[in-house]
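Position 1 is the first residue of the sequence, and the numbers go up from there.
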Amino acid sequence: MTPDSVVLDRAEGTSFQLTVHAAADAAAPVFLLQPAMGTKAGYYGRLATALQLAGLTAVVSELRGHEASGGRHASRGYDFGYDEMVNEDLAQAVAAVRDRFPDAALHLLGHSLGGQLCSLYAAQHPGEVDGLVLIASAAVHWRHYGWPFLPLSQFFGFTAKAVGHFPGKRVGFAGREARTVMADWARVARTGRFATGSPRVDREDELAKVDVPVLAISLTGDTFAPRRAVDALADKLTGAEVTRLHLTPDEPTDHFKWARRPQTVVPAIVDWLG
């Protein structure tokens, strides 16, 4: 089936798009996908199609600052952080999906940064979603990566503050990111804790109260989200029933390639649902 799109307008005057790969059954479980940092929504087309072919509905949302149209590039004059992405964009996307599929269970599926945002949404909006799938999504504390990661991550945060945005393509990590997004990310790298918003709020107690089923997947060959770092994010969800899987794809993969070769993760998601 050909996907269709829904454009959502933000109060600030920008907009973002949901791409809907609807299952034949309107009551089939829905997965709302949140991309990795710096990643366009279109990258997940094969994954969404594979979920649809498995009888599920997949809805891919654009990340703020990485819209195909209707958005704005991060800059000194246009900044945002995790809090806006969770409580404005993701909240708006959840409401739109609920309106479109009122009889379906709604699961958030997040890749990398997207999984962090999905976890924070479930923590701050209890009862709004029915489950979480976290793929290659980690608590990026430096202890899970080794000591060189600590100064590197803080350099990224400092660079974003000094420049007014993070020039990810020049640095070779992520894309053009908002300075507060990088500050939030760098804080997790430094402290191991999620604290977002202005004034800043520690979210660890909220994460511990998430009580929906969770599937957390790590992948062999993924150095950006090694198993121990994926476990660390899942371990924060102490109130949830967490299923942990470490998968080894048939072909070599990395932090991103698995989404273009979804034959490894989609059966695992279907089995988890069953």
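Residues V270 and I135 share a single hydrophobic cluster, defined by chaining ILVMFWY side chains whose heavy atoms lie under 4.5 Å apart. Using a 4.5 Å cut-off between side-chain heavy atoms of Ile, Leu, Val, Met, Phe, Trp and Tyr, with links allowed through other members, L273 and V266 fall into the same hydrophobic cluster. Under a hydrophobic clustering in which Ile, Leu, Val, Met, Phe, Trp and Tyr are joined whenever their side-chain heavy atoms come within less than 4.5 Å, directly or via other members, V86 and V201 fall into different clusters. Residues L63 and Y43 share a single hydrophobic cluster, defined by chaining ILVMFWY side chains whose heavy atoms lie under 4.5 Å apart. Side-chain heavy atoms closer than 4.5 Å link hydrophobic residues (I, L, V, M, F, W, Y) into clusters, and following such links, possibly through other members, connects V140 to F155.
Of the possible polar contacts, one joining the R187 side chain to the A195 backbone as a donor-acceptor pair under 3.5 Å is found. Side-chain atoms of R179 never come within 3.5 Å of backbone atoms of K161 as a donor-acceptor pair (strictly under, hydrogens ignored). Remark: side-chain polar atoms of R98 are paired, donor with acceptor, to backbone N or O of E128 under 3.5 angstrom. In terms of modelled atom types and a separation under 3.5 Å, the side chain of D130 and the main chain of L106 share a donor-acceptor contact. A donor-acceptor contact shorter than 3.5 Å links the side chain of S119 to the backbone of G115. R261 places a side-chain N or O within donor-acceptor distance of the main-chain N or O of P252, the cut-off being under 3.5 Å. A donor-acceptor distance shorter than 3.5 angstrom exists from the side chain of Q52 to the backbone of A22, with no hydrogens or angles considered. Under a 3.5 Å cut-off, the side chain of Q17 and the backbone N or O of L8 do not form any donor-acceptor pair. With hydrogens and angles ignored, the 3.5 Å screen pairs a side-chain donor or acceptor of T253 with a backbone N or O of W258. Proximity of a side-chain donor or acceptor of S75 to a complementary backbone N or O of Y78 within less than 3.5 Å is detected.
The minimum heavy-atom distance linking S153 with A189 is given by the pair OG-CB, 3.4 Å. Pairing each heavy atom of E62 with each of A68, the nearest pair is OE2-N, 2.8 Å. Of all non-hydrogen atoms in L233 and S137, the two that sit nearest each other are CD2-OG, 3.4 Å. Between A229 and H144 the shortest heavy-atom distance is CB-CB, 3.9 Å. For the residue pair C118 and L108, the shortest heavy atom distance occurs at SG-CB, 3.6 Å. Among all heavy-atom pairs drawn from A23 and A28, the shortest one is CB-CB, 3.9 Å.
Side-chain contact of R244 with S218: a donor-acceptor pair under 3.5 Å is present, judged by distance alone. Donor-acceptor pairing under 3.5 Å is recorded for the side chains of D222 and H255. A donor-acceptor contact closer than 3.5 angstrom is absent between the side chains of D4 and H21. Checked by atom type, the side-chain pair R10/S15 shows no donor-acceptor distance below 3.5 Å.
Note that the NZ atom of K236 and the CZ atom of R203 stand 13.5 Å from one another [nearest 0.5 Å]. Here Y44 contributes atom OH and L51 contributes atom CG; the two are 13.0 Å apart, rounded to the nearest 0.5 Å. Here the straight-line distance linking atom CD of Q154 with atom CE of M182 works out to 10.0 Å at 0.5 Å rounding. Of the inter-residue distances, the one linking L245 atom CG with T264 atom OG1 reads 12.0 Å to the nearest 0.5 angstrom. The CZ atom of F80 sits 7.5 Å away from the CD atom of E177 when rounded to the nearest 0.5 Å. We find the CZ-OG1 distance between F156 and T159 to be 7.5 Å, quoted to the nearest 0.5 Å.
Taking 4.5 Å as the limit, every side-chain heavy atom of V60 sits out of range of all side-chain heavy atoms of F31. L132 places a side-chain heavy atom less than 4.5 Å from the side chain of V212. No side-chain heavy atom of H66 sits under 4.5 Å from any side-chain heavy atom of T39. Annotation: side chain of P249 is in contact with side chain of L219 (closest heavy-atom distance under 4.5 Å).
A parallel orientation is assigned to the rings of H125 and Y121, their planes being inclined by less than 30° (bins at 30° and 60°). The aromatic rings of F149 and W185 stand perpendicular to each other, their planes meeting at an angle above 60°, with 30° marking the opposite boundary.
Taking the centre of each ring, H111 and F256 come in below the 6.0 Å mark. Ring centroid separation for the pair H73 and H165 does not come in under the 6.0 Å cut-off.
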Side chain to side chain contact (heavy atoms under 4.5 Å, CB included) for F16 and S61? Distances and angles first, verdict last. CA-CA 8 Å; F16 66 107; S61 179; 3.6 Å; yes
With side chain to side chain contact (heavy atoms under 4.5 Å, CB included) as the test, would you mind laying out the steps for V59 and T19 before giving the verdict? CA-CA 5 Å; V59 181; T19 302; over 6 Å; no
Candidate pair L113 and M85, rule side chain to side chain contact (heavy atoms under 4.5 Å, CB included), full reasoning: CA-CA 11 Å; L113 170 69; M85 298 167 80; 4.2 Å; yes
Take V188 and H141, measure what side chain to side chain contact (heavy atoms under 4.5 Å, CB included) needs, and give me the verdict at the end. CA-CA 6 Å; V188 180; H141 191 207; 5.5 Å; no
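Residue F194 is tested with L207, D184, D202 for a side chain to side chain contact (heavy atoms under 4.5 Å, CB included); the sole match is L207. When L134, V265, I269, L32 are each tested for a side chain to side chain contact (heavy atoms under 4.5 Å, CB included) with L109, only one passes: I269. Looking at D83, D79, D89 one by one, the single match for salt bridge (Lys or Arg N to Asp or Glu O under 4.0 Å) with R64 turns out to be D89.
The 12-atom threshold is exceeded at CZ of R260, counting heavy atoms of other residues, nucleotides or ligands nearer than 6.0 Å. More than 12 heavy atoms of other shown residues, nucleotides or ligands fall within 6.0 angstrom of atom CD in E12.
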